[in-house]
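Reviewing the structure listed below.
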There are 2 protein chains.
Amino acid sequence: MALKIRQNQSPEPPESCPLTECMKIIGGAWTPNIIWSLRAGPRRFSELRVDIPPISPKVLSTRLRDLESRGVLTRTIMPTSPPSVEYALTPLGARLMPAIEGIVDVGHALKLQGYKA
Amino acid sequence: MALKIRQNQSPEPPESCPLTECMKIIGGAWTPNIIWSLRAGPRRFSELRVDIPPISPKVLSTRLRDLESRGVLTRTIMPTSPPSVEYALTPLGARLMPAIEGIVDVGHALKLQGYKA
DNA sequence: CAGTATCCCCAAGGATACTG
DNA sequence: CAGTATCCTTGGGGATACTG
């Protein structure tokens with residue numbers, strides 16, 4: 001049998017471009033929405049699910065953990081019954097808001113002018 | 001005790017969410033970089049390849065056509081020899097700049113403060 | 001120069017079900 | 001409530017080669 005050479009498909013991280021770096025944080029599916037939902041204060045898991053209806057619990061969980069690991073948000077277990085968990089932006093996460101706001105503003109402007117994909 | 005009402009922050013349907021709409025435009029790989037490269041004026045295909053080294057011609061071509069179809073940029077064949085093609089932002093594309101700038105600024109700030117993934 | 005043409009790949013997402 | 005556990009699909013990219 002022929003030896004199967006795995007092609008080198010690994011993308012050499014181009015170069016730490018601020019643009020690319022930032023997109024790595026907010027580029028994931030629903031990530032901007034999550035950060036946006038946290039703009040006015042902490043939200044719980046199920047609240048986020050309501051904020052962003054189409055997101056599945058698995059994906060929400062994945063994205064939250066990813067954002068937590070990147071230092072964008074904190075996860076706090078509240079000693080309530082039933083237990084609840086609050087997610088809140090860190091100062092670092094708050095720093096991302098201008099970028100998200102920029103996207104929201106532009107999206108809003110496009111919508112107002114009747115932009116269609 | 002009084003109900004602690006947590007205000008619903010974004011009651012917007014996801015399909016019409018400006019955030020999501022805008023991300024559909026700039027969410028593609030290298031898309032922000034392409035738009036960013038056009039910020040100061042038209043660029044040619046090979047210039048863009050130099051601007052964004054790791055991008056393959058196929059992907060660059062794909063993204064450019066996508067952006068053209070979305071009305072973000074124009075493609076102009078220059079009657080030179082050898083032939084060259086210029087890509088330039090449309091007014092609509094220029095509208096995206098604040099969003100991109102926001103991302104760039106935040107990325108830059110994160111980098112300055114030594115942020116690592 | 002400015003792209004197409006192929007082929008391939010895998011990890012991000014989705015669907016669904018289940019649990020502490 | 002706040003998640004895991006599985007399984008599966010897809011299409012966005014990547015590599016490489018070729019052309020007008």
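Side chains are part of it too, since the values below use all heavy atoms of this structure and drop only hydrogens, waters and symmetry mates.
Closest to the side chain of B:Y87, out of D:dG14, C:dG14, C:dG3, is C:dG3. Listed nucleotides: D:dA2, C:dG13, C:dA2. Nearest to the side chain of A:A29: C:dG13. Each of C:dC1, D:dA5, D:dG14 was ranked by its minimum atom distance to the side chain of B:V59; first place goes to D:dG14. Each of C:dG14, C:dG3, D:dG3 was ranked by its minimum atom distance to the side chain of A:P57; first place goes to D:dG3. Closest to the side chain of B:F45, out of C:dA2, C:dG13, C:dG14, is C:dA2. Taking only side-chain atoms of A:S61, from C-beta outward, the nucleotide of C:dG13, D:dG3, C:dA2 with the closest atom is D:dG3.
Each of A:P83 and A:R63 lies near DNA chain C, and the nucleotide nearest A:R63 is the one positioned closer to the 5' end.
Taking atom CD1 of residue B:I55 and atom P of nucleotide D:dG14, one finds them 8 Å apart after rounding to whole Å. A straight line from CG of A:D66 to C1' of D:dG3 spans 17 Å, rounded to a whole angstrom. Atoms CG (A:L60) and P (C:dA15) sit 14 Å apart, rounded to a whole Å. In this structure, the CE atom of B:M78 is 17 Å from the C1' atom of C:dG3, given to the nearest Å. One can place NZ of A:K58 at 9 Å from P of C:dG13, the figure rounded to the nearest angstrom. What separates CZ of B:R65 from P of D:dG12 is a distance of 16 Å, to the nearest Å. In this structure, B:R43 atom CZ and C:dA2 atom P are separated by 11 Å, rounded to whole Å. Distance, B:R49 CZ to D:dG14 C1': 13 Å, rounded to whole Å.
Transitive grouping of hydrophobic side chains (ILVMFWY, heavy atoms separated by less than 4.5 Å) keeps B:V50 and B:L73 in distinct clusters. A:L112 and B:I26 fall into different hydrophobic clusters, where Ile, Leu, Val, Met, Phe, Trp and Tyr side chains are chained together by heavy-atom contacts under 4.5 Å.
If you take CZ on A:F45 and CG on A:L64, they are separated by 6.5 Å, rounding to the nearest 0.5 Å.
When only modelled atom types and interatomic distance are considered, A:Y87 and A:R75 share a side-chain donor-acceptor pair under 3.5 Å.
Phosphate contact (OP1/OP2 of D:dG3, side-chain N/O of A:R75, threshold under 4.0 Å): present. Taking side-chain N and O atoms only, B:S84 has no distance below 4.0 Å to OP1 or OP2 of C:dC1.
Base-pair partner of D:dT19: C:dA2 (Watson-Crick or G-U wobble, both distances under 3.5 Å).
Using a 4.0 Å heavy-atom criterion, one finds that A:S46 contacts the sugar-phosphate atoms exclusively. Within 4.0 Å of B:R44, counting heavy atoms only, lie sugar-phosphate atoms of the nucleic acid but no base atom.
The backbone N or O of B:P57 sits nowhere less than 3.5 Å from a side-chain atom of B:S61 that would complete a donor-acceptor pair.
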